[in-house]
Number of protein chains: 2
Amino acid sequence: MFDNAQAAPGTARTVWWDGAMASPPQPGEASSRTRAPRTRSRASHSLESVLAGAVEILDESGAQGLTIRALAARLGGGVASVYWYVSGRDELLDLAADSVLGGVLEATADVGGGDPIEDLRVIALAMFDAIVDRPWLGAYVLRDTATQIHSLQLYERIGEQVMRLELTPRQSFHATSAVVGYVIGTAADMGQQPPEAVVSGELSKDEYMAGAAAQWRALDPAQFPYIHHIIDEFDGHDDRDQFVGGLDLLLAGLRLQAGR
Amino acid sequence: MFDNAQAAPGTARTVWWDGAMASPPQPGEASSRTRAPRTRSRASHSLESVLAGAVEILDESGAQGLTIRALAARLGGGVASVYWYVSGRDELLDLAADSVLGGVLEATADVGGGDPIEDLRVIALAMFDAIVDRPWLGAYVLRDTATQIHSLQLYERIGEQVMRLELTPRQSFHATSAVVGYVIGTAADMGQQPPEAVVSGELSKDEYMAGAAAQWRALDPAQFPYIHHIIDEFDGHDDRDQFVGGLDLLLAGLRLQAGR
DNA sequence: ACCTGAACACCGTTCAAGT
DNA sequence: ACCTGAACACCGTTCAAGT
């Protein structure tokens, strides 16, 4: 079902290729123990290396910076070779995002023994941490469970904690979706690049936030009483604290519903 | 501060143009009462018409379908004229999203008299409804409060309800952010197009969801106990019910914190 | 099977020029 | 002030061909 980690999805794999041609001569590689190929004439990739390269570029320059050409250049090969591993740029983004979630999956592998809601909190925080310093990630996480195996597994793991609260299936479904929705929504929002500021490097995120705070302070207090009520909290606030604050509200509601 | 509704932002408005040339002759328009111009030689826009055109295209074919060329064609003019009103495609998306939120703002103009949490619920639902059937909207809402006036005002309005709960500024800030984050995150997630399915029209959203449900049922129950626990709820579920389920958890937590 | 270079059809943005 | 057509520099994707 989710076997496209090896086969390029969207590509019909009819065997037009004669098996007798297998293992073609590898020039200059016969007894080489070093990884770097002596002859640079032909690049060789794998889905893992393609995704790793994509994540590198995404981390450096965001979704906008990930072009197929840039990726091919980084891999040291031609553009078209990328299409052997992914069906297109969209799937590349989906798989790159999912590969990062694989890390979250590993990091939370042993969660599940304690208080269900506390465990839920730990997983949600791990997920948040992964997304928040990867601005590009939020938009591509949990988009297509058929392509994104890790996303599905993480969803399952979160659901399993909720399940231990022994609510109805419907309540479990809603609670799990709420946690996931809150995490992704908040993280994506926080990770969003200030319009071309951080990307071009003209402005740091702190500088941008300071500018926004100044802008808020300049608003008419009569028209924006709430903004002025919280401006000191907004100014210089910590994203993680803000995230935890909301998460704890959600979990408190859940605890109430579960009667614990 | 937020005056870019009239002046194209990002464009320095130095007056190189001689004021004496004002109100040039309008050929064939002297006593015409009908809106359609007799001479098609020169198109005339406004920021409103540009954004309206953009929203139309976005509704029809999503963010991917909104190209400057498509927009210019719809407006019946040249490509470059769009750049008189917006600084680029990014700002076009931001402003188009914000213009839709203007509708939510109007629809919730008289909210604020009842129970604060109930009022919060009403606003959140109105926001959800606006986003959910506009898949493109979620990604561009509340991105830049300097450009997006309506987003800021909506944020203020939500905050004002929270303020009535008389929490600390910090708690108010976190609660408001949580509600907004949850709404946007959930709505964006639900509005997300199934990879090129609904866009190309090959697959309806219902068909896609049915396919996903079938896929989930095929998963190993030993490996995915939660998925199997909720699969009947997932299959054919109503997005709005799901949203409300999570929202009520969040609001219950908030009510608890406020001691009401 | 997997990689390549070149080509195709697009796209955002800019610019000199028009009114 | 506001609109235009043409140009520039890109980009995703495909394809015939190589190994």
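Letters A, B, ... are given to chains in the order of the sequence lines, protein chains preceding strands, and every chain is numbered from 1.
- Nearest-nucleotide positions on DNA chain D for B/Ser46 and B/Arg69 put B/Ser46 closer to the 5' end.
- Looking at B/Leu92, B/Asp98, B/Val100 one by one, the single match for side chain to side chain contact (heavy atoms under 4.5 Å, CB included) with B/Leu51 turns out to be B/Leu92.
- Going from atom CG of B/Leu75 over to atom C1' of D/dT4 covers 14 Å, rounded to whole Å.
- Rounding to whole angstrom units, CG of residue A/Leu93 and P of D/dG12 are separated by 10 Å.
- The listed nucleotides are D/dG12, C/dT4, D/dC2; the one nearest the side chain of B/Tyr85 is D/dC2.
- Atom CG in B/Leu47 sits about 16 Å away from atom C1' in D/dC3, given to the nearest Å.
- Using a 4.0 Å cut-off, no side-chain N or O of B/Ser81 falls inside it from OP1 or OP2 of D/dC2.
- Put simply, the side chain of B/Gln148 gets close to the backbone of B/Asp94: a donor and an acceptor are under 3.5 Å apart.
- Here A/Leu66 lies in heavy-atom contact (under 4.0 Å) with sugar-phosphate atoms only.
- The side chain of A/Trp84 lies closest to C/dC2, out of C/dC2, C/dT13, C/dC3.
- Contact of the B/Leu93 side chain with the B/Leu58 side chain is registered, since non-hydrogen atoms from C-beta on lie closer than 4.5 Å.
- C/dC15 and D/dG5 make up a base pair, with Watson-Crick or G-U wobble contacts both under 3.5 Å.
- Of the candidate nucleotides D/dC3, C/dT14, D/dG12, C/dT14 has the atom nearest to the side chain of B/Tyr83.
- Closest to the side chain of B/Arg89, out of C/dG12, C/dT4, D/dT13, is C/dG12.
- Pair assignment for C/dC10: none, as no Watson-Crick or G-U wobble contacts are both less than 3.5 Å.
- Picking from D/dT13, C/dG12, D/dA6 the nucleotide with the shortest atom distance to the side chain of B/Ile68 gives C/dG12.
- Taking the six-membered ring where the residue is Trp, B/Trp216 and B/Phe234 present parallel rings, their angle staying beneath 30° rather than reaching 60°.
- Of the candidates D/dT4, C/dT13, D/dG12, D/dG12 carries the atom nearest the A/Thr67 side chain, counting heavy atoms from C-beta on.
- Rounded to whole Å, atom C1' of D/dC11 lies 14 Å from atom CG of A/Leu92.
- Atom CG in B/Asp90 sits roughly 17 Å away from atom P in C/dC11 (whole-Å rounding).
- The 12-atom threshold is not exceeded at CD of A/Glu106, counting heavy atoms of other residues, nucleotides or ligands nearer than 6.0 Å.
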